[in-house]
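Reading through the C-alpha coordinates given below for one structure.
These figures come from a predicted structure and were not determined experimentally.
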Amino acid sequence: MTKVSLDALIASVRAGCLVSFPTDTVPALATLPEQAELIFAAKQRSQDKPLILMAASASDLWPYVKGSEQDYQIWQQVVSQYWPGALTLVLPASNRVPTVMNPTDPTTIGIRVPQSAIAQTILSQTGPLATTSANFSGQPALLTMAEIEAQFPTVLTLETSETEVTGIGLPSTVAKWTGENWQILRPGAVNLDF
(Lines give C-alpha, C1' and ligand atoms only; values in the text may rest on other atoms or scores of the structure.)
Protein backbone atom coordinates (compact mmCIF):
# COMPACT_ATOMS: atom_id res chain seq x y z
CA MET A 1 0.00 0.00 0.00
CA THR A 2 1.50 3.34 -0.98
CA LYS A 3 -0.93 5.61 0.90
CA VAL A 4 0.86 7.02 3.90
CA SER A 5 0.24 9.47 6.73
CA LEU A 6 1.40 13.07 6.56
CA ASP A 7 4.37 12.37 8.86
CA ALA A 8 5.42 9.32 6.83
CA LEU A 9 5.15 11.28 3.58
CA ILE A 10 7.33 14.10 4.96
CA ALA A 11 9.91 11.60 6.28
CA SER A 12 9.94 9.75 2.94
CA VAL A 13 10.46 12.86 0.83
CA ARG A 14 13.26 13.97 3.17
CA ALA A 15 14.83 10.53 2.59
CA GLY A 16 14.80 11.12 -1.18
CA CYS A 17 11.61 9.29 -2.18
CA LEU A 18 9.14 10.35 -4.87
CA VAL A 19 5.79 11.40 -3.37
CA SER A 20 2.51 12.97 -4.42
CA PHE A 21 0.28 15.40 -2.56
CA PRO A 22 -2.58 17.78 -3.34
CA THR A 23 -1.92 21.44 -4.20
CA ASP A 24 -4.20 24.36 -5.04
CA THR A 25 -4.06 23.53 -8.78
CA VAL A 26 -3.46 19.84 -9.60
CA PRO A 27 -1.81 17.17 -7.43
CA ALA A 28 1.98 17.27 -7.52
CA LEU A 29 4.70 14.71 -7.95
CA ALA A 30 7.50 15.91 -5.69
CA THR A 31 10.99 15.04 -4.50
CA LEU A 32 14.11 16.74 -3.20
CA PRO A 33 15.60 19.04 -5.87
CA GLU A 34 18.77 16.94 -6.18
CA GLN A 35 16.57 13.83 -6.80
CA ALA A 36 14.66 15.46 -9.67
CA GLU A 37 15.64 12.70 -12.12
CA LEU A 38 13.11 10.48 -10.27
CA ILE A 39 10.32 12.72 -11.60
CA PHE A 40 11.65 12.73 -15.17
CA ALA A 41 11.88 8.90 -15.09
CA ALA A 42 8.43 8.33 -13.51
CA LYS A 43 6.66 10.73 -15.91
CA GLN A 44 8.67 9.65 -18.97
CA ARG A 45 9.27 13.36 -19.31
CA SER A 46 11.59 14.98 -21.83
CA GLN A 47 14.67 16.71 -20.33
CA ASP A 48 13.71 19.98 -22.04
CA LYS A 49 10.63 20.35 -19.80
CA PRO A 50 11.93 21.83 -16.55
CA LEU A 51 10.46 21.20 -13.12
CA ILE A 52 9.08 23.75 -10.67
CA LEU A 53 10.66 24.49 -7.31
CA MET A 54 7.77 24.74 -4.85
CA ALA A 55 8.07 26.03 -1.29
CA ALA A 56 5.98 27.17 1.67
CA SER A 57 7.08 30.81 1.36
CA ALA A 58 8.81 33.23 -0.99
CA SER A 59 11.67 33.64 1.49
CA ASP A 60 12.41 29.90 1.08
CA LEU A 61 12.76 30.41 -2.68
CA TRP A 62 14.78 33.64 -2.98
CA PRO A 63 18.15 31.85 -2.42
CA TYR A 64 17.47 29.80 -5.57
CA VAL A 65 17.19 32.82 -7.87
CA LYS A 66 19.47 35.74 -8.69
CA GLY A 67 18.90 39.22 -9.99
CA SER A 68 19.57 42.88 -9.37
CA GLU A 69 18.04 44.75 -6.45
CA GLN A 70 15.57 46.26 -8.91
CA ASP A 71 14.65 42.78 -10.22
CA TYR A 72 13.99 41.57 -6.67
CA GLN A 73 11.74 44.58 -6.00
CA ILE A 74 9.67 43.81 -9.11
CA TRP A 75 9.50 40.09 -8.27
CA GLN A 76 8.52 40.87 -4.67
CA GLN A 77 5.64 43.10 -5.85
CA VAL A 78 4.31 40.26 -8.02
CA VAL A 79 4.58 37.60 -5.32
CA SER A 80 2.94 39.83 -2.71
CA GLN A 81 -0.02 40.16 -5.08
CA TYR A 82 -0.30 36.56 -6.35
CA TRP A 83 1.31 34.24 -3.75
CA PRO A 84 0.40 31.95 -2.29
CA GLY A 85 -1.38 30.98 -5.47
CA ALA A 86 -1.42 29.42 -8.90
CA LEU A 87 1.39 31.49 -10.41
CA THR A 88 4.80 30.08 -11.35
CA LEU A 89 7.56 32.61 -11.99
CA VAL A 90 10.48 31.62 -14.21
CA LEU A 91 13.50 33.57 -12.98
CA PRO A 92 17.29 33.44 -13.36
CA ALA A 93 18.57 30.47 -11.32
CA SER A 94 21.26 30.80 -8.67
CA ASN A 95 23.96 28.16 -8.30
CA ARG A 96 21.86 26.52 -5.53
CA VAL A 97 19.52 24.99 -8.13
CA PRO A 98 20.65 21.47 -9.10
CA THR A 99 21.16 21.23 -12.89
CA VAL A 100 18.89 18.18 -12.93
CA MET A 101 15.89 20.49 -12.24
CA ASN A 102 16.26 22.07 -15.71
CA PRO A 103 18.82 19.99 -17.63
CA THR A 104 18.62 21.82 -20.97
CA ASP A 105 18.62 25.37 -19.53
CA PRO A 106 20.02 25.41 -15.98
CA THR A 107 20.13 29.24 -16.07
CA THR A 108 16.43 29.54 -15.18
CA ILE A 109 14.10 28.04 -12.57
CA GLY A 110 10.33 28.11 -12.12
CA ILE A 111 9.29 28.89 -8.55
CA ARG A 112 5.89 28.79 -6.82
CA VAL A 113 4.21 28.99 -3.42
CA PRO A 114 0.90 27.07 -3.50
CA GLN A 115 -2.26 28.18 -1.71
CA SER A 116 -2.99 24.80 -0.18
CA ALA A 117 -2.90 24.01 3.53
CA ILE A 118 -1.70 20.43 2.96
CA ALA A 119 1.02 21.47 0.51
CA GLN A 120 2.11 24.32 2.82
CA THR A 121 2.35 21.94 5.80
CA ILE A 122 4.50 19.48 3.83
CA LEU A 123 6.74 22.14 2.25
CA SER A 124 7.28 23.98 5.55
CA GLN A 125 8.81 20.77 6.92
CA THR A 126 10.72 19.57 3.85
CA GLY A 127 11.99 22.85 2.42
CA PRO A 128 11.67 23.55 -1.33
CA LEU A 129 10.83 20.53 -3.48
CA ALA A 130 11.13 19.73 -7.18
CA THR A 131 7.54 19.39 -8.41
CA THR A 132 5.34 18.93 -11.45
CA SER A 133 1.83 17.65 -12.14
CA ALA A 134 1.15 13.98 -11.41
CA ASN A 135 0.65 12.38 -14.84
CA PHE A 136 2.59 10.80 -17.67
CA SER A 137 4.16 13.49 -19.83
CA GLY A 138 1.73 14.81 -22.44
CA GLN A 139 -1.31 13.30 -20.66
CA PRO A 140 -3.96 15.24 -18.70
CA ALA A 141 -3.14 15.89 -15.05
CA LEU A 142 -4.49 13.28 -12.66
CA LEU A 143 -6.88 14.86 -10.16
CA THR A 144 -7.32 12.31 -7.38
CA MET A 145 -4.95 10.36 -5.17
CA ALA A 146 -6.66 7.13 -6.36
CA GLU A 147 -5.80 7.93 -10.02
CA ILE A 148 -2.23 8.76 -9.03
CA GLU A 149 -1.89 5.53 -7.06
CA ALA A 150 -3.15 3.55 -10.09
CA GLN A 151 -0.79 5.23 -12.58
CA PHE A 152 2.24 5.49 -10.26
CA PRO A 153 2.02 2.43 -7.97
CA THR A 154 5.45 3.04 -6.40
CA VAL A 155 4.87 6.73 -5.59
CA LEU A 156 3.88 7.45 -1.99
CA THR A 157 0.58 9.33 -1.85
CA LEU A 158 -0.98 11.19 1.02
CA GLU A 159 -3.74 9.37 2.84
CA THR A 160 -6.73 11.66 2.24
CA SER A 161 -10.43 11.14 1.87
CA GLU A 162 -11.40 11.43 -1.79
CA THR A 163 -14.03 14.01 -0.85
CA GLU A 164 -11.28 16.50 -0.01
CA VAL A 165 -10.75 19.19 -2.59
CA THR A 166 -7.53 18.41 -4.41
CA GLY A 167 -7.31 21.68 -6.33
CA ILE A 168 -9.02 23.53 -9.11
CA GLY A 169 -7.82 21.14 -11.80
CA LEU A 170 -6.09 23.85 -13.84
CA PRO A 171 -2.30 24.19 -13.94
CA SER A 172 -0.56 27.29 -12.67
CA THR A 173 0.03 30.24 -14.94
CA VAL A 174 3.72 30.40 -15.92
CA ALA A 175 5.33 33.83 -16.40
CA LYS A 176 9.00 34.32 -17.32
CA TRP A 177 11.01 37.40 -16.38
CA THR A 178 12.85 38.64 -19.50
CA GLY A 179 14.91 41.24 -17.63
CA GLU A 180 12.48 43.98 -18.63
CA ASN A 181 8.98 42.51 -18.42
CA TRP A 182 6.94 39.32 -18.05
CA GLN A 183 6.34 36.83 -20.85
CA ILE A 184 3.47 34.35 -20.35
CA LEU A 185 4.78 30.87 -21.15
CA ARG A 186 1.61 29.03 -20.17
CA PRO A 187 -1.82 30.50 -19.48
CA GLY A 188 -3.35 28.89 -16.41
CA ALA A 189 -5.40 29.44 -13.29
CA VAL A 190 -4.30 33.05 -12.68
CA ASN A 191 -5.00 35.96 -15.03
CA LEU A 192 -2.09 38.32 -14.66
CA ASP A 193 -2.40 42.04 -14.52
CA PHE A 194 1.17 43.32 -15.00
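Each side-chain hydrogen bond (donor to acceptor under 3.5 Å, both in side chains) pair with one or both residues in residues 80-89, not counting sequence neighbours, appears once here: Thr88-Ser172. Screening residues 9-60 for ring-ring contact (aromatic ring centres under 6.0 Å, His included) gives no qualifying pairs among residues at least two apart or on separate chains.
Cluster membership for Trp182 and Ile52, using ILVMFWY side-chain heavy atoms within less than 4.5 angstrom, is not shared. A chain of hydrophobic side-chain contacts below 4.5 Å, direct or via other Ile, Leu, Val, Met, Phe, Trp or Tyr residues, connects Leu53 to Trp62.
In terms of heavy atoms, Pro153 sits closest to Ala150 at CD-O, 3.9 Å. Residues Ala130 and Ile39 share a closest heavy-atom pair of O-CD1, 3.4 Å. In this structure, Leu38 and Leu18 approach most closely via the heavy-atom pair O-CD2, 3.8 Å.
Each of Leu29, Thr31, Leu32 was compared with Leu129 under the side chain to side chain contact (heavy atoms under 4.5 Å, CB included) criterion, and only Leu32 meets it.
Side-chain atoms of Glu147 come within 3.5 Å of backbone atoms of Thr144 as a donor-acceptor pair (strictly under, hydrogens ignored). A donor-acceptor distance shorter than 3.5 angstrom exists from the side chain of Thr173 to the backbone of Gly188, with no hydrogens or angles considered.
For Phe136, the ring pair (Phe, Tyr, Trp, His ring centres under 6.0 Å) partners are Phe152, not counting sequence neighbours. With sequence neighbours excluded, no residue forms a side chain to side chain contact (heavy atoms under 4.5 Å, CB included) with Gln77. Judged as a side chain to side chain contact (heavy atoms under 4.5 Å, CB included), and not counting sequence neighbours, the contacts of Ala189 are Ala86, Ile168, Leu170.
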With side chain to side chain contact (heavy atoms under 4.5 Å, CB included) as the criterion, how do Leu51 and Asn102 come out once you've worked through the C-alpha distance, each side chain's angles and the decisive distance to 0.1 Å? CA-CA 6 Å; Leu51 303 177; Asn102 190 355; over 6 Å; no
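Taking CG of Asn135 as the reference point, atom CZ of Arg45 lies at 8.0 Å (rounded to 0.5 Å).
Side-chain heavy-atom separations under 4.5 angstrom define the hydrophobic clusters, and the remaining members of the one that includes Val174 are Val90, Leu185.
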